Number of protein chains: 2
Amino acid sequence: MPAHDPTDVWRRPERSAVGPKPEHSRNGIATAALRIADQEGLAAVSIRRVAATVGAGAASLYRYVKSHDELVELMMDAVAGEYQFEVVGEHPRGRLLNLAQQGRSIMHRHPWLAPLLLTRPSMGPNSLRFLDSALAALAPVDLPGPAKLQIVAMMSAITSAFVQNELSSLPPAGPDEGSPARPGQHLVEALQAGEYPHLAAAMAGHSAAGNVDEQFTSAITNYLAGAGIPA
Amino acid sequence: MPAHDPTDVWRRPERSAVGPKPEHSRNGIATAALRIADQEGLAAVSIRRVAATVGAGAASLYRYVKSHDELVELMMDAVAGEYQFEVVGEHPRGRLLNLAQQGRSIMHRHPWLAPLLLTRPSMGPNSLRFLDSALAALAPVDLPGPAKLQIVAMMSAITSAFVQNELSSLPPAGPDEGSPARPGQHLVEALQAGEYPHLAAAMAGHSAAGNVDEQFTSAITNYLAGAGIPA
DNA sequence: CTTGATTGCGAACGGTGATCGCAATTCCAG
DNA sequence: CTGGAATTGCGATCACCGTTCGCAATCAAG
């Protein structure tokens, strides 16, 4: 009785030959779930809620999806469909950077995505298409296959982590609550107490910032350069 | 009515002046939770379960911790206490690498940690001590404070992501179930179907591998070098 | 002592993911 | 055209979750 693997969704035909035709579809369900997550966060995406939104009974959803995890898998692959894979005929680094930038804006559109990508692998067709495209960009590079996979994985992780940082420094979604001091009340006290002197110094430095887009671009570029990917 | 901030645990005194002396302690509770998580995964850490383990009623735990999230915060800071911060008087890159390697082995000891670190910030005293230590290593580097923070955050993210990759390619914890083909049954079919040619090629390449430790070291080193941290 | 804050906790609330059994529907074989 | 088989929708239900409430028991201070 093996615990269920969420990626099995992709192995199961959406609809079998006989029986009454389904009133709903994986796509419709995923879309509804997506809308809920975009507006109220991933936590609001419950089986019952999605079912109600789509106009179905709670138990009915399990005809389309074997588990809540599978629903999430559907959602992840759905947004992965927002990538555009036209080959811009550039050098490897440029093509990968392009993919990373697309990823970043997708995660901006769907704030629930970044944590998920950091946490679990997605193996849907669109996600695989992304992977394949990234590896295609690396084709001219002379590196063993697994090393290339590592590089793509790391680039994706850096992207997600960067976006996660961005998002947690911004107004949370949903009905706004009083802003309870961003850095956390507890932190400022600890800093004033004189512990963590280097931290205090680092946070005292003026933000300088510059363009966030540039910061992202250079974070990715730095990594790729270090990994030996030619410009 | 602001939603509760988990980092408030650190602002609250463990025990107030009057009243009967508590039968338990934050530390004991965190330790119990930790043991459960190490053995059965984070999902097994429920309020009821921890309470029972510690020999208390479920509702009693809320005298020590305001929410489940706070419990997790406690757990994260507890394991952050496993870092060793002796200054080895090295160059910045070496010191940061040392911290990253310690982080990696901590995450190996506590497989539930990596996803959490990627997902939410931890602000407990031990976690702050880590941050401060990393920034201390960066003291000789001439960079604006926020940039240094970025670098540390990215290094930590890369570390967590790397470990996450390692862990998902290994036998899952808990009572073993039949190994249902690591890469996912669905994947091999898609690959054989000829879609995703580059992916297929990359996975066909012999693993070469080499030492995983070396892979990690060079991943971190690459990033730091790209970010301009001197050896 | 008395007083008042604080602890432990049984019971309960509202929510969750998931399963089961059954009526209704639809397709295919004959 | 008809009868059987497979499949869908789903109400009811289970086990569990985080969390709150109210109250008896406990302890420190005045």
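It should be emphasised that the depicted structure is a prediction, and the values quoted were computed from it without experimental measurement. Letters go in sequence order (proteins before strands), and every chain restarts at 1.
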Check every atom of [options] against the side chain of [X] and return the nucleotide holding the closest atom.
{"X": "Ala59(A)", "options": "dT16(C), dG9(D), dC10(D)", "result": "dC10(D)"}
{"X": "Ser60(B)", "options": "dC9(C), dG11(D), dT16(C)", "result": "dC9(C)"}
{"X": "Ala56(A)", "options": "dG17(C), dG18(D), dC10(D)", "result": "dC10(D)"}
{"X": "Ser46(B)", "options": "dC9(C), dG11(D), dC17(D)", "result": "dC17(D)"}
{"X": "Glu23(A)", "options": "dG9(D), dT19(D), dG17(C)", "result": "dG9(D)"}

### Query
Between Tyr62(B) and dT7(C), is there a side-chain N or O to OP1/OP2 distance below 4.0 Å?
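No, no such contact exists.
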
Take the protein atom [atom1] of [X] and the nucleotide atom [atom2] of [N], then report the distance between them rounded to whole Å.
{"X": "Lys21(A)", "N": "dC28(C)", "atom1": "NZ", "atom2": "P", "result": "14 Å"}
{"X": "Arg12(B)", "N": "dT7(C)", "atom1": "CZ", "atom2": "P", "result": "11 Å"}
{"X": "Leu61(B)", "N": "dC17(D)", "atom1": "CG", "atom2": "P", "result": "13 Å"}
{"X": "Tyr64(A)", "N": "dT7(D)", "atom1": "OH", "atom2": "P", "result": "14 Å"}
{"X": "Arg63(A)", "N": "dT8(D)", "atom1": "CZ", "atom2": "C1'", "result": "6 Å"}
{"X": "Glu14(B)", "N": "dT6(C)", "atom1": "CD", "atom2": "C1'", "result": "14 Å"}
{"X": "Arg26(A)", "N": "dT8(D)", "atom1": "CZ", "atom2": "C1'", "result": "15 Å"}
{"X": "Asp69(A)", "N": "dT16(C)", "atom1": "CG", "atom2": "P", "result": "16 Å"}

### Query
Does Lys66(A) or Arg49(A) map to a spot on DNA chain C nearer the 5' end, using the closest nucleotide for each?
Arg49(A)

### Query
Is there a donor-acceptor contact under 3.5 Å from the side chain of His24(A) to the main chain of Tyr64(A)?
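Side chain of His24(A) to backbone of Tyr64(A): no pair is present.
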
### Message
Quick check against the 3.5 Å criterion: does His68(B) have a side-chain atom that pairs as donor or acceptor with the backbone of Val45(B)?
### Response
yes

### Query
How long is the gap from CE on Met76(B) to CG on Leu113(B), to the nearest 0.5 Å?
6.0 Å

### Query
To the nearest 0.5 Å, what is the distance between CD1 (Ile220(B)) and CG (Asn98(B))?
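Ile220(B) atom CD1 to Asn98(B) atom CG measures 12.0 Å (nearest 0.5 Å).
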
### Aromatic plane relationship, Phe130(A) with Tyr83(A) - under 30° parallel, 30 to 60° tilted, over 60° perpendicular
tilted

### Message
Does Arg48(A) contact dG15(C) through a side-chain donor or acceptor facing the base, at a distance under 3.5 Å?
### Response
no

### Message
Between Ala58(A) and Ala43(B), which residue's closest nucleotide on DNA chain D lies nearer the 5′ terminus?
### Response
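On the 5' side of the pair lies Ala58(A).
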
### Message
Quick check on DNA chain D: between Pro20(B) and Pro22(A), whose nearest nucleotide comes earlier from the 5' end?
### Response
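Between the two, 5'-proximity favours Pro22(A).
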
